[in-house]
Student: 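Quick one: the structure is below, questions incoming.
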Amino acid sequence: MNRIESDRVILTRRSVLSGISAGLAATFSAATPAFANAPAILTGAGDFRSIHIVNNRTREWLNTVYWIEGEYIPEAMSAISTLMRDWRAEEVRNIDPRTIDIISAAHSLLECNEPFEVVSGYRSPATNAQLRRRSRGVAKNSYHTRGMAADLKLKSRSVKQIAAAGMSLGAGGIGKYSRSQFVHMDSGPVRDWGR
């Protein structure tokens with residue numbers, strides 16, 4: 001597997017936290033997170049947020065802290081967007097921080113060390129149209145084309161368990177795709193679908 005590097009900076013929980021204890025904390029100022037009115041699990045319950053993901057097509061993986069004390073870390077956000085790129089078109093789009101927060105919080109609730117497998121992250125409009133021609137389950141105006149959605153799975157948890165964790169957050173859309181063994185999570189309006 002390949003580890004995502006952004007400008008040759010590899011961020012890990014250990015390196016970020018050790019940097020803070022060495023005085024790096026002074027460079028981060030307090031700011032309102034993207035989900036200021038969301039449940040506590042999304043609004044800074046703790047001093048940092050992390051994400052552990054693997055792209056199941058490219059086998060690239062990332063386990064990093066992406067938010068510290070109210071600030072998103074630009075290098076980590078860039079690495080997440082790169083991993084979640086449209087691998088068919090090799091196009092990168094910034095992933096909505098709210099989507100990353102939902103993924104991170106749901107993963108935390110599931111209490112597992114296994115990374116979320118990203119089945120699909122950002123999709124270019126051309127890729128989305130191609131997939132739509134093959135499947136009725138692909139929305140014409142998909143949140144994937146806006147960098148606001150991810151399809152995810154875990155080997156150690158069922159679709160129902162992953163979806164339940166996502167729905168308990170009360171933030172965004174959660175879709176269950178049991179036949180394909182993945183859960184859709186997005187930062188659009190609160191809703192759920194599927195079985």
Side-chain angles (χ1 to χ4, degrees), residues 1-11 34-35 49 51-64 66-67 72-107 114-155 159 162-163 165-167 169 171-195:
M1 279 191 255
N2 299 322
R3 189 173 190 171
I4 294 289
E5 294 186 35
S6 176
D7 296 322
R8 299 181 182 243
V9 176
I10 299 174
L11 296 173
F35 272 70
R49 296 178 195 160
I51 191 165
H52 191 189
I53 53 177
V54 61
N55 183 311
N56 77 350
R57 297 292 183 156
T58 66
R59 303 312 299 164
E60 296 163 325
W61 62 276
L62 185 66
N63 187 9
T64 191
Y66 68 90
W67 180 95
Y72 290 97
I73 302 168
E75 296 86 357
M77 298 300 283
S78 176
I80 293 164
S81 295
T82 299
L83 185 141
M84 294 178 67
R85 71 189 176 279
D86 180 339
W87 58 270
R88 290 174 180 89
E90 281 301 320
E91 286 184 32
V92 177
R93 178 169 178 158
N94 290 337
I95 302 298
D96 186 331
R98 297 169 301 166
T99 302
I100 298 167
D101 288 339
I102 291 167
I103 293 167
S104 173
H107 194 260
E114 174 190 355
F116 260 136
E117 286 185 47
V118 178
V119 176
S120 184
Y122 168 67
R123 284 190 217 137
S124 68
T127 295
N128 198 67
Q130 175 189 20
L131 295 174
R132 187 169 160 72
R133 285 190 292 272
R134 286 193 251 161
S135 172
R136 294 179 305 182
V138 177
K140 184 177 184 179
N141 296 312
S142 172
Y143 281 104
H144 287 278
T145 64
R146 302 178 212 174
M148 295 173 63
D151 297 335
L152 307 158
K153 66 182 179 177
L154 291 166
K155 290 180 178 74
V159 166
I162 298 167
M167 287 187 289
L169 301 172
I174 306 295
K176 296 184 283 282
Y177 293 86
S178 296
R179 292 174 90 191
S180 301
Q181 293 296 300
F182 69 80
V183 173
H184 170 97
M185 294 185 186
D186 69 51
S187 54
V190 176
R191 68 214 186 285
D192 66 89
W193 65 93
R195 308 185 289 161

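If you're wondering where the values come from, they're calculated on a predicted model, not measured in any experiment.
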Student: What closest approach, in Å, do Asn55 and Leu83 show between heavy atoms, and which atom pair accounts for it?
Tutor: ND2-O, 2.8 Å
Student: State whether the side chain of His107 and the backbone N or O of Glu114 hold a donor-acceptor pair below 3.5 Å, judged by distance alone.
Tutor: yes
Student: Does a side-chain heavy-atom distance below 4.5 Å link Arg59 with Val54?
Tutor: yes
Student: Checking Ser178 side chain against Arg195 main chain: does a donor-acceptor pair fall under 3.5 Å?
Tutor: yes
Student: To the nearest 0.5 Å, what is the distance between CD (Glu117) and CG (Leu152)?
Tutor: 9.5 Å
Student: Do the charged groups of Asp96 and Arg146 touch, with an N to O distance under 4.0 Å?
Tutor: no
Student: Any idea which heavy atoms bring Tyr72 and Pro97 closest together, and the distance?
Tutor: CZ-CB, 3.6 Å
Student: Grab the two heavy atoms, one from Phe182 and one from Val159, that are nearest each other, plus how far apart they are.
Tutor: N-CG2, 3.8 Å
Student: Pair Asn56, Lys153 - check side-chain contact (heavy atoms from CB on, under 4.5 Å), show working.
Tutor: CA-CA 10 Å; Asn56 77 350; Lys153 66 182 179 177; 3.9 Å; yes
Student: If you round to the nearest 0.5 Å, how far is CG of Leu62 from OG1 of Thr82?
Tutor: 9.5 Å
Student: For the atom pair CG (Leu131) and NE2 (His144), what is the distance rounded to the nearest 0.5 Å?
Tutor: 9.5 Å
Student: Over all heavy atoms of both residues, which pair between Met185 and Thr99 is shortest? Give the atoms and the distance, please.
Tutor: O-CG2, 4.3 Å
Student: How far does CZ of Arg88 sit from CG of Asn128, to the nearest 0.5 angstrom?
Tutor: 10.0 Å
Student: Compare every heavy atom of Tyr122 with every heavy atom of Thr145, then report the nearest pair and how far apart it is.
Tutor: O-CE1, 3.5 Å
Student: Using the six-membered ring wherever Trp is involved, compare the ring planes of His184 and Tyr177 and label them parallel, tilted or perpendicular (cut-offs 30° and 60°).
Tutor: perpendicular
Student: Give a yes or no answer on whether the side chain of Ser81 reaches the backbone of Ile95 with a donor-acceptor pair at less than 3.5 Å.
Tutor: yes
Student: I'd like to know if the side chain of Ser78 and the backbone of Pro74 have a donor-acceptor N/O pair within less than 3.5 Å.
Tutor: no
Student: Examine distances only and state if a side-chain atom of Asp186 and a backbone atom of Gly173 form a donor-acceptor pair shorter than 3.5 Å.
Tutor: yes
Student: Could you tell me the separation between the CD1 atom of Ile53 and the CD1 atom of Ile103, rounded to the nearest 0.5 Å?
Tutor: 6.5 Å
Student: Could you walk me through whether Phe116 and Ile51 satisfy the side-chain contact (heavy atoms from CB on, under 4.5 Å) test, starting with their C-alpha distance in whole Å, then the side-chain angles of each, then the deciding distance to 0.1 Å, before giving a yes or no?
Tutor: CA-CA 9 Å; Phe116 260 136; Ile51 191 165; over 6 Å; no
Student: Does the salt bridge (Lys or Arg N to Asp or Glu O under 4.0 Å) test come out yes or no for Asp86 and Arg57, once each step is laid out?
Tutor: CA-CA 10 Å; Asp86 180 339; Arg57 297 292 183 156; over 6 Å; no
Student: If you look at every heavy atom in Met167 and Lys176, which pair is closest and at what distance?
Tutor: CE-NZ, 3.9 Å
Student: Walk me through whether Ile102 and Met148 qualify under side-chain contact (heavy atoms from CB on, under 4.5 Å).
Tutor: CA-CA 11 Å; Ile102 291 167; Met148 295 173 63; over 6 Å; no
Student: Look up atom OG1 in Thr127 and atom CH2 in Trp87, then write down how far apart they are to the nearest 0.5 Å.
Tutor: 8.5 Å
